Amino acid sequence: MTAPDMPAGPEEVLAYDPTAVEAKWRARWVERGTNATDLQGERPYYQLMMFPYPSAEGLHIGNLYAFTGNDIHGRFQRLQGHTVLEPLGYDAFGIHSENFALKMGVHPMELIPRNVANFRRQLDRAGLMVDWRRSVDTTDPAYYKWTQWVFLKLYERGLAYKKQAAVNWCPSCKTVLANEQVENGVCERCKTTVEQRALEQWFFRITNYAERLLKNLDTIDWSDSTRTAQRNWLGRSEGAELRFRVLDPLTDAGSAGVQVSQEITSGSTVITVFTTRPDTIFGATYLVLAPEHPAVERVTTPDQRGAVEAYREAARRQDIVSRQVNKDKTGVFTGAYAVNPANGEMIPVWTADYVLMGYGTGAIMAVPGHDERDFEFAQKFDLPIVRVVAGPDDDANTPLTACYADDAAGRLVNSEQFNGVPVADAKRQVTEWLTLRGAAKPVTTFRLRDWCVSRQRYWGPPIPIIYCDACGTVPVPEKDLPVVLPNVPDYKPDDSGVGPLARHEAFFHAPCPTCGKPARRETDVSDTFLDSAWYFLRYPSVPRDDVPFDADITKRWLPVSAYIGGNEHAVLHLLYARFINMVMFDAGLVPTEEPFHKFRAHGMIIRDGAKMSKSRGNVVNPDAYMDQWGADTVRTYLMFIGPFEEGGDFRDQSISGVRRFLDRLWASVRDARRDGAPDADVMKKLHQTIRKVGADLPALSYNTAIAAMMEYMNVLRRGERVPHEFEVKPLVALVAPFAPHIAEELWEMLGHRDSVFDAGWPAVNEELARDDALELVVQINGKTRGKVSVPRDVTQEAALAAVQGDAGLAKFLTGAPKKVIYVPGRLLNIVV
RNA sequence: GCCGGGGUGGCGAAACUGGCUAGACGCAAGGGACUUAAAAUCCCUCGGGAGCAAUCCCAUCCGGGUUCGAUUCCCGGCCCCGGCACCA
């Protein structure tokens with residue numbers, strides 16, 4: 001009976017033990033199917049969180065932060081009566097996993113399942129309301145079968161194409177990288193200097209969607225920071241393409257200095273440039289072609305050929321880092337001259353690497369007077385600098401000591417009939433004028449490039465294409481999907497520019513789906529961002545094996561109701577997902593153009609004021625904290641340390657406060673009295689708290705919601721008072737989204753058999769919540785001097801009288817009121 | 001350089017659309033009650049300065065401004081974090 005290891009007394013038997021409570025409810029939820037979503041349920045609400053890459057290190061506290069924030073939002077929606085789908089899966093393909101597998105000498109097909117199992121264990125502990133029946137793993141053939149299907153859909157619609165292109169090549173990862181994966185000229189993953197290579201690559205025509213991707217940003221409910229990042233990335237510029245005829249060295253020989261015809265004659269070489277400043281054309285004193293520009297070859301004169309060739313060769317060999325980071329201007333004169341269509345002047349044609357082949361037309365008209373880069377270049381090579389725009393304090397002859405790039409305040413000068421026209425108008429007028437003369441065309445350019453999806457690697461979904469000598473490029477028929485990634489021991493990338501799959505005969509050789517003759521498979525795999533560009537479409541349809549997503553279910557559950565994730569994906573994942581969804585919309589397969597009507601970016605968790613990193617050794621291991629404090633405490637603490645959308649500073653020292661709060665909640669329910677009546681003041685505070693928390697949760701103001709509950713707890717237990725059951729019961733429901741396990745346990749303790757999450761959100765009783773008397777703030781000369789207690793609907797006169805009758809306040813009234821500002825329900829300001 | 005987001009006590013942070021004597025809530029710190037003692041719990045103090053005290057003055061990065069009233073709005077500047085960057 002009295003074994004030595006038995007708990008000593010009843011007090012301890014009933015103490016809050018998170019380990020036991022959490023284990024009990026983890027099991028109970030599975031047993032009861034509490035988190036299994038009925039897809040036919042009323043008021044569907046699709047709560048989406050960004051699925052993690054299952055790293056070998058296990059769940060990062062940042063993952064837990066994001067998931068908890070999502071989970072609270074999802075659980076709150078459920079308490080509001082929605083049928084909530086809150087799925088989670090694994091984004092396990094990609095270079096990251098493959099590199100790690102190579103480093104460890106473990107095959108990814110062995111490594112990934114191990115990591116996934118560890119993640120699953122950690123995620124289960126975290127108390128997420130995830131319906132695990134609808135999970136996805138991007139490396140599962142049952143999933144990537146449909147990733148390949150997505151590729152084929154794009155191919156079918158003319159949105160996937162192959163071209164040879166100068167691409168970013170990472171010599172360490174030995175693969176092509178998307179522009180988005182290159183940071184300041186180095187690989188975002190391994191920080192190796194990226195090189196240029198010309199390879200045959202598969203691209204998606206995301207640029208066809210640029211205008212829609214931009215326009216829709218105005219209609220979706222997203223964090224501003226994310227929308228701005230996308231706008232910048234899309235980079236829309238309005239301007240004009242201008243045509244410059246190049247003087248033919250033979251027919252135009254000797255005509256230097258002669259006014260040449262301004263007609264653009266057909267047959268001669270014409271250089272088309274893109275500019276956002278057509279108004280400055282009279283100041284265009286030379287042209288620049290990108291070194292890769294095909295016209296360089298044609299226009300270069302024999303005496304310049306040697307220098308030009310050498311320059312082009314150097315540019316070709318140069319890596320992208322030096323080209324983008326080193327901004328010293330270099331270039332070579334081609335020997336050619338072109339005609340400025342505005343004034344007929346002959347201007348030299350140069351080639352220089354500060355002009356990029358990939359943007360606009362790969363050629364520019366240089367206006368050194370009004371462009372910083374052109375100014376720098378012109379100074380270095382002693383090219384003429386002409387002023388054609390004057391600011392408010394300048395005139396046509398004010399010397400230019402630096403370029404003048406202000407396009408808001410300037411007016412044109414030295415521009416013939418356009419002199420005096422403000423820049424904004426001149427842009428349009430000059431374009432119109434040149435258009436009439438056949439030398440211009442208004443165009444809109446985007447910074448966005450097509451999406452290169454080819455990867456010369458192993459760990460990804462094989463691109464479902466077969467090359468046949470007779471039939472050409474043949475897509476793998478849908479019935480033959482998936483093209484299974486073979487389990488091969490030799491998956492190491494090499495420097496050949498061809499993926500490792502090319503070395504595996506059994507994979508490489510395949511019959512042509514059209515004619516049956518021997519043919520070759522595409523050996524590139526697709527970018528991991530394709531896996532994650534459509535995963536949210538898959539979750540609701542997961543058991544289905546015959547379609548990627550069921551039409552009815554998709555119509556019912558898409559678009560996603562709320563998506564919360566990291567802003568590091570503002571331009572990569574979120575743009576690609578919007579693009580793919582838009583394509584699916586055009587194909588009639590999804591109900592809306594935009595997949596995520598509401599997106600919120602959460603902040604970042606730092607630790608003790610510094611970013612967490614392995615090298616700093618300050619990484620928080622969620623397991624250790626959940627062991628010590630319990631998952632409910634860790635969850636609630638993470639949400640308490642700062643505004644969810646801004647992040648917070650994780651400090652070990654502070655966790656105890658949250659745990660104390662849960663301890664007190666536990667004790668309050670355990671000891672609650674059932675006799676007598678609840679206290680009116682406490683009930684007032686309770687209903688005010690319900691109102692506050694109910695308003696804070698949908699706004700993701702989790703930290704203030706928790707503070708409000710703590711405040712209520714202080715009222716509830718002030719001076720060791722024993723709370724009444726009615727005073728604590730609704731609080732259990734308020735706490736539930738944050739601390740689901742303890743909430744369920746306490747709910748049961750209060751005599752309920754069903755889950756607290758099916759009990760509904762407590763209603764605010766406005767009657768009880770109302771303050772009868774109003775504490776009116778009194779200011780004298782704008783300075784707050786005190787308060788008077790007055791009836792709610794007090795008039796200004798009555799309020800003033802109350803102040804005059806208050807000895808403490810009346811002494812500040814040193815004269816007759818000159819002016820009285822009365823804000824009903826708020827304050828009374830008396831100016832004397 | 002451009003675009004976002006910030007700058008409030010020893011610390012993490014509150015303050016709805018300009019208004020409840022700025023600092024809720026929590027941590028840390030100090031004091032007290034209970035206890036043989038400790039833990040736990042509960043109570044009190046906790047931006048700076050002056051004063052025995054009631055009270056008064058100063059204080060939300062800095063300098064101006066608008067207003068009866070500014071952490072909040074406007075102008076100028078400094079600093080920190082994140083993103084983009086030779087994009088014509």
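Keep in mind that what you see is a predicted model, and the values were worked out from it rather than measured. Naming: A, B, ... by sequence-line order, numbering from 1 per chain.
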**Q** For the pair made of CG in A:Leu289 and P in B:C86, what is the distance, rounded to whole Å?
**A** 19 Å
**Q** Please confirm whether the shortest side-chain N or O distance from A:Arg651 to OP1 or OP2 of B:G26 is below 4.0 Å.
**A** no
**Q** Applying the Watson-Crick and G-U wobble criteria at under 3.5 Å, what pairs with B:A29? Answer none if nothing qualifies.
**A** B:U45
**Q** So which nucleotide from B:U21, B:C86, B:A13 ends up closest to the side chain of A:Asn703?
**A** B:A13
**Q** For B:C27, does either OP1 or OP2 sit under 4.0 Å from a side-chain N or O belonging to A:Arg659?
**A** no
**Q** Can you tell me the pairing partner of B:U21 across any strand shown, Watson-Crick or G-U wobble, with both distances under 3.5 angstrom?
**A** none
**Q** Work out how far the P atom of B:A54 is from that of B:U17, and round it to whole angstrom.
**A** 36 Å
**Q** Describe the nucleic acid contact of A:Asp224 in one word from base, sugar-phosphate, nothing, applying a heavy-atom distance below 4.0 Å.
**A** nothing
**Q** Of the options B:C25, B:G19, B:C86, whose atoms approach the side-chain atoms of A:Leu827 most closely?
**A** B:G19
**Q** Once you apply a heavy-atom cut-off of 4.0 Å, does A:Arg447 come out as touching a base, just sugar-phosphate, or nothing?
**A** base
**Q** On the six-membered ring of A:Trp666, is A:Arg660 placed so that its NZ or CZ lies under 6.0 angstrom from the centre and within 45° of the ring axis?
**A** no
**Q** A:Trp233 ring centre to A:Arg447 NZ or CZ under 6.0 Å, with the angle to the axis within 45°?
**A** yes
**Q** Strictly below 4.0 Å: does A:Lys787 bring a side-chain N or O up to OP1 or OP2 of B:U21?
**A** yes
**Q** Determine, for A:Tyr712 and A:Lys685, whether the Lys NZ or Arg CZ falls below 6.0 Å from the six-membered ring centre while staying within 45 degrees of the axis.
**A** no
**Q** I'd like to know if A:Glu292 pairs up with A:Arg312 as an ion pair, taking the criterion as any Lys NZ or Arg NE/NH1/NH2 lying under 4.0 Å from an Asp or Glu carboxylate oxygen.
**A** no
**Q** For B:C16, does the base pair up with any side-chain atom of A:Arg826 as donor and acceptor (N or O, under 3.5 Å, distance only)?
**A** yes
**Q** Using the C1' atoms only, state how far B:G23 lies from B:U71, rounded to an integer number of Å.
**A** 11 Å
**Q** Which part of the nucleic acid, if any, lies within reach of A:Arg231 when heavy atoms closer than 4.0 Å are counted: base, sugar-phosphate only, or nothing?
**A** nothing
**Q** With both distances under 3.5 angstrom, what nucleotide forms a Watson-Crick or G-U wobble pair with B:A15?
**A** none
**Q** Would you state whether a donor and an acceptor, one from the side chain of A:Arg718 and one from the base of B:U41, lie under 3.5 Å apart?
**A** no
**Q** Choosing from B:A24, B:A88, B:G19, which nucleotide comes nearest the side chain of A:Tyr359?
**A** B:A88
**Q** Would you say a side-chain N or O of A:Ser225 is under 4.0 Å from OP1 or OP2 of B:C3?
**A** no
**Q** Yes or no on salt bridge (charged side-chain N to carboxylate O under 4.0 Å, His left out) for A:Glu727 and A:Arg721, after CA distance, side-chain angles and deciding distance?
**A** CA-CA 12 Å; A:Glu727 297 164 356; A:Arg721 78 182 281 278; 3.1 Å; yes
**Q** If we take the P atom in both B:A59 and B:G64, what is their distance in whole Å?
**A** 11 Å
**Q** Taking the basic N atoms (NZ, or NE/NH1/NH2) and the acidic carboxylate oxygens, is any pair closer than 4.0 Å for A:Arg600 and A:Asp221?
**A** yes
**Q** Looking only at side-chain atoms of A:Glu711, point me to the closest of B:A88, B:C25, B:C57.
**A** B:C25
**Q** So which one's nearest nucleotide on RNA chain B is more toward 5', A:Gly786 or A:Glu372?
**A** A:Glu372
**Q** Once you apply the 3.5 Å cut-off to both distances, tell me the Watson-Crick or G-U wobble partner of B:A38, or none.
**A** none
**Q** Regarding A:Arg227 and A:Asp218, does a basic nitrogen lie under 4.0 Å from an acidic carboxylate oxygen?
**A** no
**Q** From the set B:A28, B:G26, B:U21, return the single nucleotide nearest to any side-chain atom of A:Phe640.
**A** B:G26
**Q** In whole Å, what separates the P atom of B:G30 from that of B:A39?
**A** 12 Å
**Q** Closer to the 5' end of RNA chain B via nearest nucleotide, is it A:Ser654 or A:Glu646?
**A** A:Glu646
**Q** A:Ile641 near the nucleic acid: base, sugar-phosphate alone, or nothing, with a heavy-atom cut-off under 4.0 Å?
**A** sugar-phosphate
**Q** Mind checking A:Lys818 for me? I need base, sugar-phosphate or nothing, with any heavy atom below 4.0 Å counting as a touch.
**A** nothing
**Q** Looking at every strand, decide which applies to A:Asp374 at a 4.0 Å heavy-atom threshold: base, sugar-phosphate, or nothing.
**A** nothing
**Q** Just checking A:Ser237: base, sugar-phosphate only, or nothing, at a heavy-atom cut-off of under 4.0 Å?
**A** sugar-phosphate
**Q** Side-chain N or O of A:Asn714 less than 4.0 angstrom from OP1 or OP2 on B:G26?
**A** yes
**Q** How would you label the glycosidic angle of B:G32: syn (within 90° of 0) or anti?
**A** anti
**Q** Report yes if a donor N or O on one partner sits less than 3.5 Å from an acceptor N or O on the other, where the partners are the side chain of A:Gln779 and the base of B:G19; otherwise report no.
**A** yes
**Q** Does A:Asn567 place a side-chain N or O at less than 4.0 Å from the phosphate oxygens OP1/OP2 of B:G82?
**A** no
